[in-house]
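Please read the structure below before turning to the comments.
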Amino acid sequence: MTGNCLIGVDIGGTNTDIVIINDDIHTQKLPTVPSLDPILSGMKKTGRLAVSTSCLLNQFLIGKRKTVACITIPGPGLTADHAVCGAIGHRGDILKDINPTEVEDYIRTHPADSLAVTGKFSVRNPCLEEKVVAIARKYYTDSCIAPSHTLGYLNMPERIRTTKANAALKEEVAVLIRQVEKYHSHFYFVSGNAGLVSKTRACENPLSLFHSSPATAALGSYYQIRRNGLVIDIGGSTTDLVPIADGLPVNGPLLLSGKKTGMDAVVCESIPYGGDSRVSPVLMPEREGNARAFGGKNPALTDALNVTGIAAIGNTDFPGLSREAAETALQTYLECVCSRLKNSIQGPLIGAGYLAPYLVPLIAKESRRRYYIPEHASSSNAIGAAVSRISLSLHVHLDTGKEILLYNGIPQPFPHDTDDESIISIAKEELQRRAAREGASQEDCRQVITEQFSAFDVITYYSADARILDCVLQIPPGISSEAP
Amino acid sequence: MRTGIVYHDRYLAHEQYPSHPERRERLSYTMDQLEEEGIFEKEEFLLITPKPASISDILAVHEEDYLTFLERSSVVGGYIDADTNIPPGLYQNALLSAGGAVAAGDAVLDKKVRNAFAFCRPPGHHAGKRNGAGFCYLNNMAVLVQHVKKRGLKRVAIIDWDAHHGNGTQEIFYPDSTVLFFSVHQYPFYPGTGGINESGTGAGRGYTINMPVPAGTSDESYEYLFTEIIAPVIREFSPDCVTISAGQDAHFTDPLISLALTTKGYATLMHKACALADELCKGRLIAILEGGYSVCGGLPYTNLAILACMAGLDTSHCTDPQAYMSAFPDRYNPRSFDHVRGMTHDLKKILSSTWNNIR
Ligand SMILES: [Zn+2]
């Protein structure tokens with residue numbers, strides 16, 4: 001640690017947690033308000049800042065959504081909605097060009113807040129998507145247009161889903177960046193797999209921030225107690241269950257409305273009850289402002305804890321609940337959480353969130369499991385953000401016949417040596433260079449894993465005339481070497 | 001109900017030698033296409049992972065001596081014919097390929113899926129009881145047919161639309177009146193058999209139906225044969241299950257052969273086959289991959305179109321890329337249709353003694 005501290009900020013629906021880690025851990029909790037100014041202005045200006053937030057995506061899921069126009073270039077094969085003509089083949093050949101007039105007519109007659117552009121096999125050749133984006137710039141700013149090829153993976157329906165979400169979220173992320181940049185010119189976001197991403201990558205693929213709060217809660221919990229198990233993160237409106245194995249939150253496919261997006265994020269089971277869940281007169285899966293303990297109008301789960309004498313949080317004078325109603329609400333909560341625990345991974349329960357010290361012991365007793373409450377359990381998520389390291393992935397596609405090398409769908413200069421080992425090694429160096437450019441320490445760049453690999457020769461007239469290689473390299477998420 | 005896709009990563013493992021045309025890219029590009037189309041996430045499909053076929057399933061078709069020969073030759077490598085050598089490890093790959101056909105059949109009979117396509121390699125329809133040939137080692141189709149019969153199906157119809165004559169399958173079921181075998185293929189061509197007079201023997205007379213077609217034959221002839229021969233005979237036969245030896249080497253971009261089917265043509269054939277299965281046997285249809293070597297051309301598009309038909313998806317855009325169509329006029333022989341009509345006329349005379357629907 002070179003005198004430079006690590007700062008983590010987790011913007012939740014109710015509270016914003018701030019953590020500063022140098023040799024000690026300093027925590028602070030402030031109410032979340034629409035502007036970040038009061039929070040950021042009082043904060044330390046030096047150090048590495050990482051921000052995690054569930055708000056952006058909650059807004060996307062429940063708030064008023066931006067309208068997104070969608071253009072697809074399906075070409076031959078299965079068709080897609082909002083199709084324009086044009087086609088790319090599986091080796092990146094342009095089989096049919098787009099018709100600029102058709103594209104412009106479509107954009108003009110389908111006005112919206114933002115635009116998503118997805119072409120079949122665009123990850124093998126981005127040029128048709130790029131042409132559509134160039135036309136769209138007459139009608140949209142860059143932060144309102146999302147192309148799909150940078151996602152890097154094959155699966156057009158998943159890219160359509162992800163690109164639409166990205167188009168809707170890009171501007172929000174840009175606004176958040178501008179707010180934070182006023183105080184901290186250089187900072188990171190935490191992604192849903194608990195790794196840090198640069199502002200540029202967050203802007204390009206905002207959906208990657210999904211689940212960043214449970215991801216950081218889990219990483220922050222592990223950082224504090226160094227134990228695998230099941231993190232129970234109790235927030236204002238939800239209780240999230242996040243398994244930790246081998247020192248990292250367990251990843252799985254990121255789903256949007258139950259459907260795959262082609263991206264991974266922490267496995268997180270969300271139960272729709274938290275400290276602010278209304279008790280009227282029974283526990284309801286909804287939040288209407290704060291609990292009465294924090295000046296809200298409606299009695300909530302937090303008030304039930306006060307009435308039953310388990311806790312004495314905030315203002316305990318006017319809970320607005322009978323003891324009987326409070327006990328019933330609490331029992332409902334415990335039964336609901338414990339029923340979900342039955343299918344979860346084995347190992348101890350690890351509490352996170354400000355109600356964890358009160359509720360997790362009860363959950364543990366009911367489910368007969370061991371439990372831990374880390375010292376800074378109420379700020380575990382911000383701690384996770386602070387100690388996380390830069391993580392990034394590179395989808396590599398090489399086709400020596402077409403002289404194509406693509407990183408995340410973007411053409412690169414064609415290399416001199418194209419045997420498998422050389423390609424993996426230059427791609428690995430590129431990945432490490434990118435991580436270093438984003439600010440990763442040398443130590444944090446060291447580990448590179450190969451997530452997928454396939455390669456074969458292309459045979460024409462009984463002789464090999466090309467080789468096609470696909471692989472995905474990743475600097476995996478984890479705890480930064482800079483964390484004390 | 002859904003459409004099963006039988007696939008195993010080891011279907012890419014089989015390779016006779018690196019430049020042999022029956023090679024892994026045959027599936028690599030198709031898998032790219034299916035992945036990019038999001039097929040594996042669609043609720044219309046179920047991905048089925050096969051296991052190697054049981055020895056008893058194989059011995060219901062092949063002679064034990066031949067199987068022993070394959071197993072022994074697979075240790076260090078061996079030779080069958082100029083097109084077909086035995087690379088080390090072949091035995092396990094061939095068992096897994098046949099197991100794919102069995103898995104497709106089981107999934108359909110167990111009502112897990114309505115119909116299924118096995119993307120298995122190596123292919124099988126040239127393999128006879130006691131010999132491999134033409135890139136084939138074990139007859140996946142015959143293993144499937146015997147397996148579903150063992151599970152209680154009485155009559156099975158096989159439509160072999162691979163561009164080559166399915167001589168191995170023909171040999172195995174030649175005397176059998178419970179298995180109806182159709183083969184549409186380029187003629188004369190490899191393997192040299194498949195004339196209209198080869199029509200079965202004994203009780204099986206009239207149950208082997210060969211439809212040889214000339215180079216340059218295209219969609220209209222295949223549709224004609226389906227309407228004039230395949231559909232009326234299958235209706236009269238009334239199978240418990242329709243199976244397809246789905247070779248996509250009749251496509252006009254295929255480098256090994258000179259037929260001129262288009263992706264649309266393949267889609268039409270599969271539509272008709274599915275409609276027959278719906279009409280006659282509760283939609284039970286099992287397709288098994290045979291040939292198809294146009295790896296840089298039409299193969300991914302035809303395989304996709306066939307699957308889309310089976311699942312009842314919109315196939316209106318399942319066409320060949322416009323950029324490929326420049327090759328079509330060179331391949332297509334406009335006079336082939338007349339030739340096919342003449343052949344059909346002669347074939348009907350032979351079939352009319354067995355089938356009332358053919359007059
Ligand atoms: Zn063939």
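Chain A is the first sequence line, chain B the second, and so forth, proteins listed ahead of strands; every chain is numbered from 1.
For A/Asn155, the parts lying under 4.5 angstrom from a heavy atom of chain B are both the backbone and the side chain. Neither the backbone nor the side chain of A/Ile94 comes within less than 4.5 Å of any heavy atom in chain B. Contact annotation for B/Leu34: neither backbone nor side-chain heavy atoms come within less than 4.5 Å of a heavy atom of chain A. Residue B/Pro300 touches chain A through its side chain alone, counting heavy-atom pairs closer than 4.5 Å. No part of B/Phe40 comes within reach of chain A, as not one of its non-hydrogen atoms sits under 4.5 angstrom from that chain.
When ring centroids are compared, B/His251 and B/Tyr324 stay outside the 6.0 Å threshold.
Side-chain contact between A/Asn408 and A/His395 is present, with at least one heavy-atom pair separated by less than 4.5 Å. Looking only at side-chain heavy atoms (C-beta outward), A/Asn193 and A/Gln474 come within less than 4.5 Å of each other. Side chains of B/Asn303 and B/Phe119 form a contact here, defined as non-hydrogen atoms less than 4.5 Å apart.
Ranked by heavy-atom pairs shorter than 4.5 Å toward chain B, the options A/Arg91, A/Lys96, A/Lys120 are led by A/Lys120. The candidate from B/Glu41, B/Gln33, B/Lys42 with the greatest count of non-hydrogen atom pairs under 4.5 Å with chain A is B/Glu41.
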**Message:** One pair to check against salt bridge (Lys or Arg N to Asp or Glu O under 4.0 Å): A/Lys402 and A/Asp93. What are the steps and the verdict?
**Reply:** CA-CA 9 Å; A/Lys402 308 277 177 192; A/Asp93 304 301; 2.7 Å; yes

**Request:** Quick one: do B/Phe117 and B/Phe45 satisfy ring pair (Phe, Tyr, Trp, His ring centres under 6.0 Å)? Show the steps, please.
**Result:** CA-CA 10 Å; B/Phe117 195 120; B/Phe45 294 96; over 10 Å; no

